[in-house]
Every structure is written in structure tokens, then in C-alpha cells.
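Please read all numbers here as calculations on a predicted model, not as lab measurements.
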Amino acid sequence: MDVGTTSVKAGMMDLRGNALGRFASGYPTQRPGGPRAEQDAGDWIRLVEQAIATLADGAPVQAVGLTSQVNTHLFVGADGAPLMPAIVWQDTRASAEAAELDASVSDAQKIAWWGAPMPIDASNVLSRMLWVARHRPDVWAATRWVMLPKDFIIYRLTGEVTTDPVSNIGLVGPDMTYVDAVFDLVPGARDKAPALVPVTEVTGRVRAGPLAGVPVISGTMDAWTGLVGCGGARDRSTVYLSGTSEVMGISSREGAGTPGVIVFPQVEGIRVHAAPTQSGGDALAWYTQMSGRSHDEVSALAAGPRRAGTPLFLPQLEGERAPLWDAGLRGAFLGLTRRTGDAEMARAVLEGVALSARHALEAARASAAIGPGPITCGGGGFRSAPWAQIRADVLGCELSTLAEKDPGILGAAMLAAVGAGVFDAIGTAWDELARFDATYAPDPGLSGLYDDLFGLYCEAVTTHGALGQRLAGMSE
């Protein structure tokens, strides 16, 4: 099961990678004003229960694997009840606290703690904790646990309060244990952190319902699970996960890390360098709402040769994560002309997301000390063949897409299978379960065009950033 940004998705898989059943149902994100983005944890529980009832009644289930969005944080009281709406990873209310915390830590300390100079940004749990302590002291005083969505689901299913080391970016070091010195940045934070359980170990068993007695595997965050499900289970592989945001990942035991890239602790020989953007599919969703067109209509309009009058789209609608980590950035269309129409606008949106992915990919390659090569891909954004071809052309790499379009489900199933003892390692599980259905080769005739456009994109993000922040300050 995958408790994502927009929906709960679930699948039942056999040991050959075949999907025996699927479930998906969405829920809203509330945006009450300014930089806030919140969700009701009751929606997660309701849909997880529906998924179990739909898929699992009478089935011989061996284990349950879970993944979820991060950094989305739920502040929970001693009775296990949420004390306020969950703060979604897109929420940037803690920007000031993040800047304060980040400035208080040197790159040398970050490398000593985490093995790489990763930033403390507005989505970091410490930033959120400090914000709640300052702005909601009543909630902070009553908080027993700060939980990720999957950990809250595990608690409701099994009664066990746990989390995993991979999901807890910025709290856990390369040895897969909490870094005590990090917690010292926010007094009282350590006492509110759940116990760590490795990603393929059993956290508990389902207490009631159709899955009663079935073991639940700890699992981990959607980005890592999806990247591993896309092919990151193999060392020196490059993967591209496209969902609400774009996540570029490289599995490499080499490389010292670089600013702007998250380097996860090594798990079973898998060391993932990840560069997540702030929006991907979310930018397309915004454009479909604005234009009144469906995803398929936008994809069809954007297909074919690039037309004169196509503008440059900056997809930073709510700031940017990798490689810039600037919550104040805002989106833009640059270069509009009288020749710009629906087709050109649609093409620009899909290209802009691909350009942001290239920006993140170059940072990930530097972090992992890996050069260009083929990329394995998955996620809802790769259901569109025209968009997949645009990405191949922009990135200048051959892309192979998974037949299972939800790599988070595939990755969670892999972790469950290893946790249940069906396979001996995550890499073995991927070899047995992963299937590919299409390959997209870049058009060599477009390489010069997209190299030039990417240069313009990088310059535009830099120069537009200050203007966008000034404009945002006039209206927010």
C-alpha cells in the first residue's frame, strides 16, 4: 500500500510480478492560506481500510508492505489521536525555522552526521517541530509522537509505534541510528521520535479484519521505495520516478555527495543519491485545471515536433527542492509571443518539468560520481508516451519504462516479500518482479536545441527567483 500525496493506492502481487488486484482512491489536500498544505489523517485510515476490504478478503496474504509520502508529519497525542492536521511535504510554513537551523550547522557537521552536506529545509521534521513549538505550544506540549503517514497506518493496524531509518532524512546517520546531536537543535524532539525498525523487518501483525495475523513490514518512504522499485536495487543504476514531483535517483556506493542532493544510508548494499523536485505531475495538474483540458488532451497537444512560439516554463509553482532548495521560487512562462497557442503552452509545461528533472539529474550524477547512461523509469507521468519522448530528448538518454506504472507499489511488494522470507534480498526481489514495456531513445537531432534550452532554463531559474519572491511578497 502507498499512502501518497493525492491518493491511497494498493495492489496485490504474486511472486512473478503479476498484479492480482488494484485499488486507488483520492483525498484532498487543504490549502488554508499562504504556504500551508494540510491533510486529514482520517482520510488515510478510511481508504486503507477500503483497500484491505477490496483486495484482501479471503486471499492468502503472506505480508503487507507499506510506503508513504514524506516529509509529511502528523503530531499525535499519547492516546494515538492526531492533535492537528498533518503538515504535508509541500507545506513551507517552517521556512524561517529551517533557515535558522540550517545556518546553525556547518557543512563539516552535516558530513559528520549524515555523510553528505544535506540542507535542513522547510520540510525537515526538525523545522516542523520548531514551528509547532513556537506557534502551537499547546500541540507541542501534548505531542507524544511525530509520525509519518505510513507509521501512523502501521500503528492503527498493529498497535506498534515505529518508524524506519531511511524515511527519517536528517535524523539518521550512515550507521542507520538516530544522531543524538541533531535532536539537540530542538529541545524535546528526541522524546517524540518513534523507535527505528529496518525497512524489511516485521513491525507487528494486523490486529483485526481480513488481514488479522498477517505480518506488516516496516517499509519506508515513497521516494526510496519507488526509486528502488524503478531499478535502484542494482548498484550504478540511474532511475527516474515521476509522480506529484519528479525524483531523480542514482544507486551508487561511490561519490561523496554534493550540496542539494539527499544521500540515503546504505541498505543491503543500496546507497541511493536522490534529487527530488518540488513539482512534476503537480505542475501538469495545475495546468489542466487552468486550461480546462484533460491530461490526455494536454499530452496530445504537446506531441510531435516542437513549434515556433513555444515558451519556456518554470515549474516552481510552490518553490523548489533539488538542487536549489529554495521555498521562495515561483513559476513563470517566459518568451510568450503572438504565435503561442494551446499546443505551444502544453508543450512548454511538459518540457519545463523535464528541464527541472535534468537540473536535478545533473546534481545527482555529481553526487554519485556517475556519468550519463540509460535510465529506468516509472510512475504516473510515464503513462504519456509523448511526455516520455520529450523527457528522453531533454535528458539526452534512453529511457525504459516499467510495465507496473506505480513503482511505489512494486517497491513495497518487494520489501514485503523480503520481510516475509520469500526472497533473500531486495535486488533478488526486483529481478523476479520487475517488467518493462517500452523504450524511448533520444532524437540526436534535438540535442543541441535542448542543451541550449537547458542553459536558458538554469539562467532563468536563477534570475527569475528574486523577481518571483518580490512578486509573491506583494500578494501573500
Side-chain angles (χ1 to χ4, degrees), residues 5 29-39 69-75 84-107 109-110 114 117-137 139-140 143 146 148 168-171 182-183 185-189 223 244-245 247 259-262 274-280 282-283 286 314-332 356 359-360 363 461-476:
T5 305
T29 295
Q30 304 299 331
R31 300 184 185 277
R36 300 191 182 197
E38 301 175 342
Q39 290 179 357
Q69 53 175 307
V70 298
N71 288 327
T72 292
H73 299 107
L74 186 65
F75 290 74
M84 61 184 287
I87 304 176
V88 177
W89 60 270
Q90 295 170 319
D91 189 301
T92 59
R93 74 182 71 175
S95 294
E97 286 76 14
E100 177 184 328
L101 291 171
D102 195 60
S104 71
V105 182
S106 69
D107 282 350
Q109 286 175 300
K110 293 176 180 180
W114 308 316
M118 297 186 295
I120 298 175
D121 79 318
S123 70
N124 188 290
V125 65
L126 292 173
S127 306
R128 301 283 179 63
M129 286 177 164
L130 186 56
W131 187 93
V132 170
R134 287 177 173 173
H135 298 276
R136 293 295 307 274
V139 170
W140 183 246
T143 297
V146 180
L148 302 171
N168 286 273
I169 303 165
L171 297 183
V182 173
F183 286 106
L185 296 174
V186 180
T244 303
S245 68
V247 185
V261 175
I262 295 167
T277 70
Q278 183 73 359
S279 68
D282 190 53
W286 165 81
L314 305 181
Q316 289 81 22
L317 301 174
E318 294 288 348
E320 184 58 287
R321 293 191 291 174
L324 301 172
W325 299 95
D326 186 344
L329 289 177
R330 292 295 178 265
S356 73
H359 202 194
V461 169
T462 300
T463 57
H464 173 72
L467 294 176
Q469 290 186 28
R470 286 168 58 189
L471 183 61
M474 295 171 62
S475 58
E476 293 183 356

Rounded to the nearest 0.5 Å, what separates atom CG in Leu171 from atom CG in Leu185? 10.0 Å

If the condition is side-chain hydrogen bond (donor to acceptor under 3.5 Å, both in side chains), which residues does Arg128 pass it with, not counting sequence neighbours? His73

How many angstroms lie between CD in Gln30 and CZ in Arg36, if you round to the nearest 0.5 Å? 13.5 Å

Not counting sequence neighbours, which residues clear ring-ring contact (aromatic ring centres under 6.0 Å, His included) with Trp114? List them please. none

Can you list the residues that meet the salt bridge (Lys or Arg N to Asp or Glu O under 4.0 Å) rule with Asp121, with sequence neighbours excluded? none

Taken in chain and number order and not counting sequence neighbours, the residues that satisfy salt bridge (Lys or Arg N to Asp or Glu O under 4.0 Å) with Arg134 are Glu97, Glu100

With sequence neighbours excluded, what pairs up with Thr92 under the side-chain contact (heavy atoms from CB on, under 4.5 Å) test? Pro35, Ser95, Ala122, Ala327

side-chain contact (heavy atoms from CB on, under 4.5 Å) filter on Ala86, not counting sequence neighbours, yields Trp44, Thr72, Leu74

Could you list the residues that satisfy side-chain hydrogen bond (donor to acceptor under 3.5 Å, both in side chains) with Asn168, not counting sequence neighbours? Thr163

List for me each residue that meets side-chain hydrogen bond (donor to acceptor under 3.5 Å, both in side chains) alongside Asp282, sequence neighbours excluded, and say none if there are none. none

Contacts of Pro85 meeting side-chain contact (heavy atoms from CB on, under 4.5 Å) (sequence neighbours excluded), chain-then-number -> Glu38

Please identify each residue that fulfils side-chain contact (heavy atoms from CB on, under 4.5 Å) with Ala189, with sequence neighbours left out. Leu126, Met129, Phe183, Val186

side-chain hydrogen bond (donor to acceptor under 3.5 Å, both in side chains) with Glu320: which residues, sequence neighbours excluded? Gln316

Atom pair CH2/CD of Trp325 and Gln278 - distance to nearest 0.5 Å: 8.5 Å

With rounding to the nearest 0.5 angstrom, report the OG to CG distance, Ser356 to Leu324. 10.0 Å

Does any non-hydrogen side-chain atom of Thr244 lie less than 4.5 Å from one of Trp89? yes

